[in-house]
Amino acid sequence: MSDSATEAPESTSAPRRDFIRELVADDVATGRFGRAPATRFPPEPNGFLHMGHAKSICLNFGIAQEFGGSCNLRFDDTNPATEDVKYVEAIQRDVQWLGFQWDNLFYASDYFEKLYEIAESLVLKGKAYVDSQNEEEIRAGRGTVTSAGTPGPYRDRTVEENLDLLRRMRAGEFADGTHVLRAKIDLAHVNMIMRDPLLIRIRHAHHYRRGNDWCIYPLYDFAHGLSDAIEGITRSLCTLEFKDSREIYDWLVQEAGFEHPPTQIEFARLELDYTILSKRKLLRLVNEGHVTGWDDPRMPTIAGLRRRGVRPDAIREFCETIGVARKDARVEIAAFEHAVRNDLNMEVPRVLCVLNPLKVVLTNYPEDLVEDLDAPSFPHDVPKTGSRRMPFSRELYVDRDDFMEDPPKKFYRLAPGKEVRLRFGYLITCNEVVKNDAGEVIELRCTYDPATRSGQAPDGRKVQGTIHWVSAAQALSCEVRVYDRLFSQPDPDAVPEGQDFISTLNPQSLVVIPDAKIEPSVANDPIGSRYQFERTGYFMSEVESSTPEKLVFNRIVGMRDSWAKEVKRG
RNA sequence: UGCCCCUUAGCUCAAUUGGCAGAGCGUCUGACUCUGACUCAGAAGGUUCUAGGUUCGAUUCCUAGAGGGGCAACCA
């Protein structure tokens with residue numbers, strides 16, 4: 001009587017929302033902003049996008065989609081020294097590849113005029129002034145976290161003088177660093193950011209979009225919130241380290257007179273085990289040649305993951321599962337790998353490839369016979385169909401890992417006197433081990449059971465192990481690049497004094513196998529095709545490196561491997 | 001030693017806003033299997049950072065403390 005399952009409160013799959021989505025839902029319910037939810041993804045074009053950005057992209061574009069709002073892509077290009085069109089192009093490509101389309105494409109550098117007008121209006125209201133102290137003097141005047149700052153000698157310049165100076169700054173009359181525009185707030189404010197923050201600095205530099213039109217450039221705090229406001233953003237999502245900036249954000253949009261201005265919400269930036277998500281550090285890896293470029297398949301960049309073979313669906317799925325919160329978070333790489341496998345498992349065809357070939361001769365198989373075995377491309381639980389033919393002959397290759405001369409108890413692969421099943425083929429038994437002078441195993445001599453072509457033994461005997469193989473004569477030679485985590489410890493930055501994250505680079509992050517053997521059925525597939533190499537992992541033929549003569553495969557991710565765990569345990 | 005933020009299972013997050021602490025991933029066990037994969041079933045895993053307080057009742061509210069993080073760039 002107690003098990004009246006029908007009565008259970010059908011836990012309506014209530015959309016579990018994070019705190020940001022709660023706020024946005026509330027915005028919609030109350031009409032707080034008087035407009036549909038509007039977000040933006042605002043990268044500075046000074047590097048390639050990485051997984052951390054993917055989290056932000058999924059959040060910003062996701063919210064726009066879910067609430068019928070809009071999301072802009074805005075380049076926060078206010079620093080001429082670091083930015084470049086090549087990054088602008090890469091970022092657009094990566095966002096689209098991830099599956100998102102912006103409602104508007106904007107550049108903060110297009111707001112320079114508008115921002116300058118706001119600057120003049122602040123001066124006119126006595127809310128901003130031109131400071132002519134040098135960098136050190138300004139820093140000293142700001143005080144410390146435990147002591148108040150002190151007003152500098154230029155703080156009380158007249159509006160006329162400030163306006164004149166600001167206009168001459170813009171006109172290019174002054175050298176870099178001689179003057180700066182500051183908001184006039186409070187040098188003793190408990191929030192350091194509010195101690196007369198710098199708004200505009202002089203930089204006689206070439207900007208990749210504005211050329212030499214401008215010699216004054218707005219700083220982040222001045223440009224960011226106002227750019228949001230200009231675009232009619234409702235919620236400005238950023239990472240936790242900007243928490244203290246919220247106060248100046250609010251101050252500026254208010255002083256600039258925006259109605260229903262946007263509001264900043266901070267969330268935790270993503271940190272991933274065994275890798276680094278910092279554009280500055282990734283740039284170092286590129287510049288110092290530790291990787292081949294921003295799109296090196298070991299890089300946590302979108303471009304690197306794409307080249308590795310990861311599909312955008314997996315990245316989006318991953319971003320959804322990690323959620324968003326206000327607490328610093330280091331996510332296990334296993335969670336990402338799970339998302340990648342989960343995505344690929346249902347999508348890609350199976351194929352057999354022997355990474356470390358060991359020759360097997362079937363001594364009782366006819367010399368010249370080549371059979372054509374039928375092999376389904378998907379397992380029973382993947383709702384896809386298709387199959388290919390696999391040649392089978394007297395000489396085969398199997399993987400060295402699948403043979404042990406003196407195996408432990410639970411090793412159910414090939415060993416002297418033991419029988420295994422060849423995937424899609426026959427049962428074979430190892431009779432003889434051939435070694436070279438150095439004592440290395442170079443060939444196995446086996447017999448096959450002709451009655452087991454179905455994979456079943458007519459007498460009903462059970463065979464524990466099934467291994468993959470290829471026919472030696474027909475197999476294609478290929479290169480396989482086995483990628484592993486870039487760093488050898490979970491937190492690459494956790495190093496002894498005097499060292500840095502470079503010292504924790506994993507020397508085994510790339511292992512090249514120059515001569516692997518793959519079944520011939522893949523010969524005519526388009527380069528860039530993804531596969532599961534059965535029992536080995538997921539792979540993609542790489543467009544950048546493959547040639548018609550020799551395919552090059554990247555390992556996207558290995559299979560979950562409980563045997564490896566068993567071995568590790570001893 | 002100022003201000004602000006954070007602390008719930010190994011990890012990431014929940015807990016209908018004060019009412020029996022849950023999910024996914026990971027781990028382990030078993031079932032299934034021509035992939036040691038997938039799938040399925042189950043288990044272990046918690047002093048909700050600590051100490052007080054308010055309350056019939058606190059993960060939730062208050063106070064103090066501890067630990068972690070952010071802020072003193074003419075970077076973003």
Side-chain angles (χ1 to χ4, degrees), chain A residues 14 16-18 42-44 46 76-79 81-83 131 134-135 138-140 142-149 176-182 189-195 198-203 217 219-221 223-224 238-247 266 268 270 273 279-280 318 320-339 341-342 345-346 350 352 375-376 379-382 410-413 420-425 427 452 454-456 463-468 532-537 558-566:
Chain A
R16 239 179 37 200
R17 295 208 266 230
D18 51 74
E44 182 187 12
N46 65 346
D76 224 342
D77 53 355
T78 58
N79 183 359
T82 56
E83 296 153 6
D131 195 342
N134 65 33
E135 208 171 327
I138 288 175
R139 183 166 31 244
R142 190 152 31 215
T144 71
V145 290
T146 53
S147 63
D176 291 4
T178 51
H179 304 280
V180 82
L181 185 73
R182 300 180 73 175
H189 204 287
V190 291
N191 182 351
M192 294 296 296
I193 302 248
M194 296 298 276
R195 321 251 261 224
L198 275 60
L199 268 22
I200 292 176
R201 82 290 212 175
I202 300 171
R203 279 286 175 281
Y217 291 90
L219 280 133
Y220 171 82
D221 282 321
H224 199 88
C238 65
T239 44
L240 249 23
E241 69 269 27
F242 293 104
K243 180 80 183 170
D244 291 333
S245 290
R246 187 151 95 201
E247 212 168 351
E266 309 85 16
L270 171 67
D273 266 1
K279 266 196 276 188
R280 209 190 82 246
F318 171 70
E320 202 167 302
T321 63
I322 57 174
V324 24
R326 248 173 309 212
K327 180 182 57 165
D328 294 320
R330 178 167 288 272
V331 179
E332 291 175 335
I333 196 78
F336 180 61
E337 292 174 346
H338 173 266
R341 288 191 198 102
N342 203 35
N345 179 43
M346 301 305 280
R350 273 60 174 173
L352 303 189
H380 60 90
D381 55 350
V382 172
K410 284 191 280 187
F411 184 83
Y412 24 93
R413 307 180 186 181
V420 296
R421 174 164 36 234
L422 294 177
R423 181 80 164 147
F424 308 123
L427 266 40
T452 58
S454 66
Q456 305 291 334
V463 179
Q464 184 93 267
T466 300
I467 66 175
H468 58 284
Q532 183 196 98
F533 291 178
E534 291 206 30
R535 307 206 308 129
T536 303
M559 302 293 269
R560 208 159 157 273
D561 189 349
S562 52
W563 171 244
K565 282 173 198 152
E566 186 73 31

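Numbered from 1 within each chain, the chains take letters A, B, ... in sequence-line order.
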(message) Closest approach to the side chain of A:V145, judged atom by atom: which nucleotide of B:rA72, B:rG36, B:rC38 is it?
(response)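 The answer is B:rA72, which lies nearest to the side chain.
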
(message) By nearest atom, which of the nucleotides B:rC34, B:rC38, B:rG36 is closest to the A:R535 side chain?
(response)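 So the side chain of A:R535 is nearest to B:rG36.
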
Does a distance-only test, which skips hydrogens and angles, find a donor-acceptor pair under 3.5 Å between the side chain of [X] and the base of [N]?
X: A:D244; N: B:rG70; value: yes
X: A:Q532; N: B:rU35; value: yes
X: A:R560; N: B:rG36; value: no
X: A:R350; N: B:rU35; value: yes
X: A:E332; N: B:rG10; value: yes

Atom pair distance, as rounded to whole Å: [atom1] in [X] and [atom2] in [N]:
X: A:R330; N: B:rU7; atom1: CZ; atom2: P; result: 18 Å
X: A:E337; N: B:rA37; atom1: CD; atom2: P; result: 16 Å
X: A:E266; N: B:rA76; atom1: CD; atom2: P; result: 18 Å
X: A:K327; N: B:rU48; atom1: NZ; atom2: P; result: 15 Å
X: A:M192; N: B:rC3; atom1: CE; atom2: C1'; result: 10 Å
X: A:I193; N: B:rC5; atom1: CD1; atom2: P; result: 15 Å
X: A:R421; N: B:rG36; atom1: CZ; atom2: C1'; result: 13 Å

(request) Map A:W563 and A:D77 onto RNA chain B by nearest heavy atom, then report which one ends up closer to the 5' terminus. (result)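 Here A:W563 is the residue nearer the 5' end.
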
(request) Would you indicate what A:R413 reaches in the nucleic acid, counting non-hydrogen atoms under 4.0 angstrom: base, sugar-phosphate, or nothing? (result)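 Base contact.
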
(message) Whether A:K243 and A:E266 form a salt bridge (side-chain N of Lys/Arg under 4.0 Å from carboxylate O of Asp/Glu) is what I want to check.
(response)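 Between A:K243 and A:E266 there is a salt bridge, with a charged N closer than 4.0 Å to a carboxylate O.
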
Between [X] and [N], does any side-chain N or O lie under 4.0 Å from OP1 or OP2?
X: A:S562; N: B:rA37; value: yes
X: A:R326; N: B:rC13; value: no
X: A:T82; N: B:rA76; value: no

(request) Kindly label the base of B:rU7 as syn or anti, based on whether its glycosidic torsion lies within 90° of 0. (result)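 B:rU7: anti glycosidic orientation.
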
(message) Please tell me whether A:H179 and A:D131 have a donor and an acceptor in their side chains that are separated by less than 3.5 angstrom.
(response)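 Short answer, no.
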
(message) Stacking between A:Y220 and B:rA76, defined as ring centres under 5.5 angstrom apart with planes under 30°, is that present or not?
(response)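 Not stacked: fails the 5.5 Å / 30° test.
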
